[in-house]
Q: 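Just dropping this structure here.
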Amino acid sequence: MVSNSDVIAYIAKKDEHEELIPRTKVKEYGNTALQPVFFDDELGKRLFYSWVCRALELGVKRISKSYLLGGCSWTLNEIRLDIYTFNDSINDRFIKNLLEETTRLLSQQLRAEKVEKNDLLQILKEKSEVLIYEVVKDNDSREFMIVKDDGNVSVCLDTCVEQSYDEAVLEYVNQSMVHWRGDEKSFLLTRLHIRAFPSKKAKDSQAELEREYSLRDHVILGRELDLFLTDPSVGAGLILWAPNGAIVRKLMEEFEYKLHLRHGYQPVVTPHLATSELFETSGHLSYYRENMYVFDHDGKTHVVKPMNCPFHILIFKRKKWSYKELPVRYFEFGTVYRYERAGTLHGLTRVRGLTQDDSHIFLRPDQIQEEIGRLLDLLRLMYSSYGINNYSFKLSLRDPNNQSKYIGSAELWEKAEKALEEALINHGIPFKKEYGEAAFYGPKIDIYLKDSLGDRKCCGTIQLDFNLPERFNITYVDQDNKEKRVVIIHRALIGSIERFLGILLEYYAGRLPLWLAPVQVALLPVDEHSEEQRSYTLRMREELINNGIRAEAMMEGRLQARVREARKLRIPLIVVIGEKELRTEEFEAQWIKYGVDEKGRYKPVEEKITVRGIRGLVEWIKEEVGRETHGIIK
RNA sequence: GCCGCCGUAGCUCAGCGGGUAGAGCGCCGGCCUUGUAAGCCGGAGGUCGCGGGUUCGAAACCCGCCGGCGGCUCCA
């Protein structure tokens, strides 16, 4: 692919080896095939940002010898420079000087060099860089790359390639405070958020991308499409669903409900409250209390449910089960409430009241592998109906150094962790292992989706649990007539309607597929004053609605203005009804779908479809909806 | 929860070294034979997030609370 993005470095391929080489040393590799690394590539950003971090750190030291470096990191959009300023506050002049100094350093030919860990620690000690000293000390590497300037040193913990830029653009964004090493009890560092580009051109194309992001912001889209709102008198993180949003939710529920019934699940319905006894048995009150809403009534403590599992377990427990009857799969759109700290809330993607597509599967240990396989298949089917294909898997395991966070024996945990890992491997699914990410009752497979800014958000989750079956003492009768312990799989495929819909809106820039659109068809008479056209439009609307299609007649005002309005509301089908259509009963609908241009920017795809009569339109829509949902919704 | 920023009409925002509110869109009314992304004219609409303080006087300054955004942390 041809890119006009800035070149950061080159990759030289020699035999099997790949080596990163600086632009300035290209000549030394005369005959070797060189592959450029662009700023637009993930690797390019990493190399560039990492180098700018070095220059920033050295820039800080040039301005103030008394500030301590606390490290420099980056996201896809910005660099964060952490410094400890003692009691100083950062003023505008410091920032201006820092950016000038750093820009100057970037234009110089700074050298990177290798040092042994012990030598580096010695240098840092001499320079009194006590924070960086700690970081290096705790790092397992034996060698580090450092950049020196004016007797100061900046340590690179990432891939280090020498660079220089005559036209680099640095921009101050804002500042915030962060705790040293993310520890809330620790002291605060000043974090400067800085954006950096190798050239003005790169900066401009970034600005364009950002316009695109704001276009996809699900909070803004929620307002524009009139889907949901919040109100301080209800409380933060509690969503009010307006009719359009309620329709989308209901569609998601209907779709999943039908899909689950087809896949061997049975519906259950459970209350939102329980006495604390239930959640004491489950262990939630010991391990999850800080997230729970707890209140007293009639001298008894009650809780608003933060999870559905204990309820499903009680339903399962109502009778004795034969080994032949397992697995039993209970399914519920369970609305749960969790106290999430105020600063973490955001739109639909992080809320306090959420509805999970929750299921608990009760099975024999020998059925685990197969069931996880079925779940992974179901997950793929479901996501593809939503048009989502880019998701990744994470295996969340317990923190081996902090066992007190979890219930159950180490033996059970090992068994559970191994079972999940094997299921993923057997299914050929790539995944990442992470320690300390498990639920308190068991390890899990988490499914991550990217939001419009590229941040990963956990949606689906498949959790294996040997612990709650013990706490609730649930068993089945095996072939040998002995009672055996069941295993529970907790799972939510889209996770929660709220978060998933938030991500869906960003993914589609608000242009949901036909089957999910709150209004599917806009009917527009050409002449708002023509009685004939008006009454035909209304009749058409009625007939569509009677066929389960969500149609709206837009009658008032100029046609062009109404077309614009229908487009703004992201209505997928726009049908204009004029004299010609009344005469021929042949309709043309403008079908507008989500699409992207070559740069990944939202660009609707338009198609004209022609149908005979109202019947023809009804059939066309039903067919398309059936196609999108794999025949689940017709 | 912690740190920083922010909160003016339904929406987007202007006004803010103190003298008690403005625009565009939307909404309502009227006019125009109106074929695929904004016709024209008029009108209504605001305890300036809430509570307290300073002041002769606060949307503006100070304090507290609520809510939002960006980080930290946490998570579906």
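Note on naming: letters A, B, ... go to the chains in the order of the sequence lines (proteins, then strands), and numbering restarts at 1 for each one.
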Q: On RNA chain B, compare the nucleotides closest to A/Thr230 and A/Leu559; which residue's is nearer the 5' end?
A: A/Leu559
Q: How far does the C1' atom of B/G7 sit from the matching atom of B/G46, given to the nearest Å?
A: 15 Å
Q: Looking at the base of B/C2, is there any donor atom on it, or on the side chain of A/Arg341, that sits under 3.5 Å from an acceptor on the other one?
A: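 It does not, because no donor-acceptor pair links the side chain of A/Arg341 to the base of B/C2 below 3.5 Å.
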Q: Ignoring backbone atoms, establish whether A/His346 has a side-chain N or O less than 4.0 Å from OP1 or OP2 of B/G68.
A: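 No, outside the criterion.
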Q: Any side-chain heavy atom of A/Asn291 within less than 4.5 Å of one from A/Pro306?
A: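 Not touching, per the 4.5 Å side-chain cut-off.
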Q: Would you measure the distance from the P atom in B/U33 across to the matching atom in B/A21 and give it in whole Å?
A: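 Per the computed distance, 42 Å lies between those P atoms.
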Q: Considering only atom C1', compute the distance from B/G70 to B/G53 and round it to an integer number of Å.
A: 31 Å
Q: Could you check whether any side-chain N or O of A/Glu607 sits under 3.5 Å from a backbone N or O of A/Trp591, counting only pairs where one atom can act as donor and the other as acceptor?
A: no
Q: For A/Lys580 and B/G35, what is the distance between atoms NZ and P respectively, to the nearest whole Å?
A: 13 Å
Q: Rounded to the nearest Å, what distance is computed from the CG atom of residue A/Asp231 to the C1' atom of nucleotide B/G68?
A: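 Distance check: A/Asp231 CG to B/G68 C1' gives 13 Å.
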Q: Answer whether the closest heavy-atom distance between the side chains of A/Lys305 and A/Thr270 falls below 4.5 Å.
A: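 They are in contact (side-chain heavy atoms under 4.5 Å apart), so the answer is yes.
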Q: Taking C-beta and beyond as the side chain, do A/Ile621 and A/Leu617 meet within less than 4.5 Å on heavy atoms?
A: yes
Q: Taking the C1' atom of each, how far is B/C13 from B/C32, in whole Å?
A: 32 Å
Q: For the pair made of CD in A/Glu224 and P in B/G10, what is the distance, rounded to whole Å?
A: 18 Å
Q: Side chain of A/Val576 only, please: which of B/A37, B/G35, B/U12 is the nearest?
A: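 Ranking B/A37, B/G35, B/U12 by closest atom to the A/Val576 side chain puts B/G35 first.
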Q: Under 3.5 Å, is there a donor-acceptor pair between the side chain of A/Arg499 and the main chain of A/Cys458?
A: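 Such a contact is found between A/Arg499 side chain and A/Cys458 backbone.
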Q: Can you find a side chain N or O atom of A/Tyr339 that sits less than 4.0 Å from OP1 or OP2 on B/G1?
A: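 Result: yes.
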Q: Using a 4.0 Å heavy-atom cut-off across all strands, classify A/Leu345 as base, sugar-phosphate, or nothing.
A: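 Result for A/Leu345 = sugar-phosphate.
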Q: Between the side chains of A/Ser530 and A/Glu532, is a donor N or O closer than 3.5 angstrom to an acceptor N or O?
A: no
Q: Within the structure shown, what part of the strands sits under 4.0 Å from A/Ala236 by heavy-atom distance: base, sugar-phosphate, or nothing?
A: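 Sugar-phosphate only.
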Q: Are A/Phe500 and A/Tyr383 close enough, and set up right, to give a ring pair (Phe, Tyr, Trp, His ring centres under 6.0 Å), and what steps lead you there?
A: CA-CA 10 Å; A/Phe500 195 77; A/Tyr383 278 29; 5.5 Å; yes
Q: Taking CD from A/Glu531 and P from B/U34, how many angstroms apart are they, rounded to a whole number?
A: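 After rounding, the reported distance stands at 18 Å.
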Q: Using heavy atoms to find the nearest nucleotide of RNA chain B for A/Glu528 and A/Ile447 separately, return the residue whose nucleotide is more 5′.
A: A/Glu528
Q: Please name the nucleotide paired to B/U47 by Watson-Crick or G-U wobble geometry with both distances under 3.5 Å, or report none.
A: none
Q: Run the numbers on A/Phe333 and A/Phe331 for ring pair (Phe, Tyr, Trp, His ring centres under 6.0 Å), then give the verdict.
A: CA-CA 7 Å; A/Phe333 276 101; A/Phe331 173 75; 5.3 Å; yes
Q: Tell me whether the side-chain N/O atoms of A/Arg80 come closer than 4.0 Å to OP1 or OP2 in B/C72.
A: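 Result: yes.
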Q: Can you tell me if A/Glu586 has over 12 outside heavy atoms packed within less than 6.0 Å of its CD?
A: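 More than 12 heavy atoms, drawn from other residues, nucleotides or ligands, come within 6.0 Å of this atom.
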Q: Return the value, rounded to whole Å, for the distance between atom CD of A/Glu332 and atom P of B/A76.
A: 18 Å
Q: Under the 3.5 Å rule, do the base of B/C3 and the side chain of A/Arg191 count as making a donor-acceptor pair?
A: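 No such pair is found, so the answer is no.
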Q: Look at all strands and tell whether A/Glu340 reaches a base, only sugar-phosphate, or nothing, counting heavy atoms closer than 4.0 Å.
A: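 Result for A/Glu340 = base.
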Q: Compute whether any side-chain donor of one residue and acceptor of the other, for A/Arg570 and A/Tyr508, lie under 3.5 angstrom apart.
A: no
Q: Does the B/C74 base have a donor-acceptor partner in the side chain of A/Arg350 within less than 3.5 Å?
A: yes
Q: Could you tell me which nucleotide pairs with B/C72 by Watson-Crick or G-U wobble geometry, both distances under 3.5 Å, or answer none if nothing does?
A: B/G1
Q: Base, sugar-phosphate alone, or nothing: which one does A/Glu579 contact when heavy atoms must sit under 4.0 Å apart?
A: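 Answer is base: heavy atoms of A/Glu579 come under 4.0 Å of a base.
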Q: For a quick check of understanding: with a heavy-atom distance under 4.0 Å over all strands, which category does A/Lys444 fall into, base, sugar-phosphate or nothing?
A: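 Sugar-phosphate contact only.
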Q: Under 4.0 angstrom, heavy atoms only, what part of the nucleic acid is A/Gly347 near: base, sugar-phosphate, or nothing?
A: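 Sugar-phosphate, backbone atoms only, no base.
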Q: Does any nucleotide pair with B/A60 by Watson-Crick or G-U wobble geometry, both distances under 3.5 Å, and what is it?
A: none
Q: For A/His218 and B/C69, what is the distance between atoms NE2 and C1' respectively, to the nearest whole Å?
A: 13 Å
Q: Given that both distances must come in under 3.5 Å, which nucleotide forms a Watson-Crick or G-U wobble pair with B/G35?
A: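 When the pairing criteria are applied, nothing turns out to pair with B/G35, so the answer is none.
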Q: Provide the distance between the two P atoms, one in B/A23 and one in B/C61, to the nearest whole Å.
A: 24 Å
Q: Whole angstroms only, please: what is the CZ-P distance between A/Arg499 and B/A76?
A: 7 Å
Q: Salt bridge or not between A/Glu556 and A/Arg534? Use side-chain N to carboxylate O under 4.0 Å.
A: yes
Q: So if I take every side-chain heavy atom of A/Val563 and compare against B/A37, B/A76, B/G39, which nucleotide ends up nearest?
A: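 Nearest listed nucleotide: B/A37.
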Q: What about A/Glu581: does its side chain form a donor-acceptor pair under 3.5 Å with the base of B/G35?
A: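 Check passes, donor-acceptor contact within cut-off.
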Q: What distance, rounded to whole Å, do you find between the two P atoms, one in B/A9 and one in B/G24?
A: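 It comes out at 16 Å once rounded to the nearest Å.
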Q: So what does A/Lys568 hit on the nucleic acid, given a heavy-atom distance under 4.0 Å: a base, only sugar-phosphate, or nothing?
A: nothing
Q: Given atom CZ of A/Arg352 and atom P of B/G1, what is their separation to the nearest angstrom?
A: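 After rounding, the gap between these two atoms is 7 Å.
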Q: Do any side-chain nitrogens or oxygens of A/Arg558 fall under 4.0 Å of OP1 or OP2 in B/G35?
A: no
Q: What's the gap between B/G64 and B/G45 when it is taken at their C1' atoms, as a whole Å value?
A: 32 Å
Q: Could you check which nucleotide pairs with B/G26 in any of the strands shown, counting Watson-Crick or G-U wobble with both distances under 3.5 Å?
A: none
Q: Can you name the atoms? Protein N/O to nucleotides 42-44 of chain B N/O, anything below 3.5 Å, with the distance.
A:
none

Q: Which part of the nucleic acid, if any, lies within contact of A/Val336, taking any heavy atom under 4.0 Å across all strands shown: a base, the sugar-phosphate backbone alone, or nothing?
A: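 No contact.
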Q: Give one of base, sugar-phosphate or nothing for A/Arg338, where a contact means two heavy atoms less than 4.0 Å apart.
A: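 The answer is base, as A/Arg338 lies within the cut-off (heavy atoms under 4.0 Å) of a base atom.
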Q: Can you tell me how far C1' in B/G4 sits from the matching atom in B/U47, rounded to whole Å?
A: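 30 Å, rounded to whole Å.
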Q: Given B/A38, B/C72, B/C69, identify the nucleotide with an atom nearest to the side chain of A/Thr344.
A: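 So the side chain of A/Thr344 is nearest to B/C72.
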Q: So, does A/Gln560 get its side chain near the phosphate of B/A38, meaning an N or O under 4.0 Å from OP1 or OP2?
A: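 Yes, within the criterion.
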Q: Donor-acceptor pair, A/Tyr406 side chain versus A/Asp399 backbone, under 3.5 Å?
A: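 A pair under 3.5 Å: yes.
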Q: Examine the base of B/U36 for any acceptor or donor lying under 3.5 Å from a partner atom in the side chain of A/Gln590, and report the outcome as yes or no.
A: no
